Amino acid sequence: MKIRLLYFASLADRAGRTEEIRDTVATNPRDLYAEIAREHGFAFAPERLRVAVNDALVGWDHALADGDEVVFLPPVSGG
Amino acid sequence: MKIRLLYFASLADRAGRTEEIRDTVATNPRDLYAEIAREHGFAFAPERLRVAVNDALVGWDHALADGDEVVFLPPVSGG
Amino acid sequence: MKRFALSAAPIDAAAEKAALEHPAAGGCVTFEGWVRNHNEARAVTRLDYQAYGALAESEGAAILDEACRQFALRAARCVHRTGALAIGDMAVWVGASADHRDAAFAACRWIIDEVKRRVPIWKNEHYADGESGWLHPSGDPVGPA
Amino acid sequence: MKRFALSAAPIDAAAEKAALEHPAAGGCVTFEGWVRNHNEARAVTRLDYQAYGALAESEGAAILDEACRQFALRAARCVHRTGALAIGDMAVWVGASADHRDAAFAACRWIIDEVKRRVPIWKNEHYADGESGWLHPSGDPVGPA
């Protein structure tokens, strides 16, 4: 299925892009992160990230659907 | 000796004045307060008041001098 | 500029806050006391504040100096109104700037608590039923300096 | 008016504070985060804030709603900047009004802590030595992940 990914902060720097559309066999964020972390060389362990699907925070086992927009959130530093 | 007294808040209301000059035999604020509390009918026990002489806080046994300006401060309610 | 002031005119909060700025400060915390329309379940219509001016200024300055020694601040200021105030008017403004927010929060809270406890200012509340009264909170007496 | 907002333009603190007014409120506490010229002993020259807009707005709104349920407030608001900021610029503004100052202080502190912990906004610090880095949880710049 096709998934749209948005990247922020150091993940965008490392990926060299702020978004991409991927055709993936991953069915949940856990597997999807393993796939893209390998490809882009992301150093964050999943424990340090949060995941959002379609602009809402979800768990790592959330079932992905075709057309979903997924964001892996590195630790935040607002304020 | 002559002492100038200033009154604030409910003490001014009770005394019916904001200041007075008294000829007194009191040699410290403790005796002076006993004298004026009797005369003006002040209800505050000295424990609930602070005393200032010449715009500085002092203890109840502070030695008064002729011409001193004395203020008995009821509990404050600023803020 | 004095760190503590009494003011018979409305407080210019923006000017006070601007005086806290410092390039090393990571933020500031301010407290504003407003005249509210109720106290202890009575409807309040307006207030008068009376100050023992000379001692209020020196006691207020002492509190601000103590705050600057106790907390890691870049600046701290306080202004307190005197005279007649209406509902919604600003009665007191306190501000503290610091490199880190812990110090700014702690100092701002400490300053307003000390001002309320120590500075010789009294509030006369006017109630909707026509009565009025000076507030003399009971509580622990404050010793001489 | 939304309680939480992102802003690409300078924050109008006076307008935000005015939106906290309420005749029953006895005061308000505000926190302003300012861009300071140092962090962890490094000289900072400027910052960029990047936000994941949709989630930042909903997470920020959730924090303000939670604050209004947890504390006895009359109003609470927060605005966070995005984009390029210089030293001294206001990065975030938080304000809470309440009948009593305990609630206003506690809520203001809780809101800024939660915003810093939860809202998806990231800071890129630019240092005097020409380096820069995105700040992630501990405050350590991590460069590219």
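Since this is a predicted model, take the numbers as computed values, not measurements. Keep in mind that the numbers below use all heavy atoms, side chains included, and drop hydrogens, waters and symmetry copies. Labels below follow one simple rule: chain letters A, B, ... track the order of the sequence lines, proteins then strands, and each chain is numbered from 1.
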* Structure fact -> By residue number, those in residues 102-115 of chain D with heavy atoms under 4.5 Å from heavy atoms of chain C are D:D102, D:F105, D:C108, D:R109, D:I112, D:D113

* Asked: Which residues, numbered in order, of residues 79-98 of chain C come under 4.5 angstrom of chain D by heavy-atom distance?
  -> C:I87, C:M90, C:S97

* May I ask you to list the residues in residues 34-47 of chain C that approach chain D closer than 4.5 angstrom, counting heavy atoms only, ordered by number? => C:W34, C:V35, C:R36, C:N37, C:H38

* **chain D-proximal positions within residues 49-57 of chain C [heavy-atom distance under 4.5 Å]** => none

* Asked: Counting heavy-atom pairs under 4.5 Å to chain C, which of D:G26, D:A13, D:A25, D:C28 comes out on top?
  -> D:C28

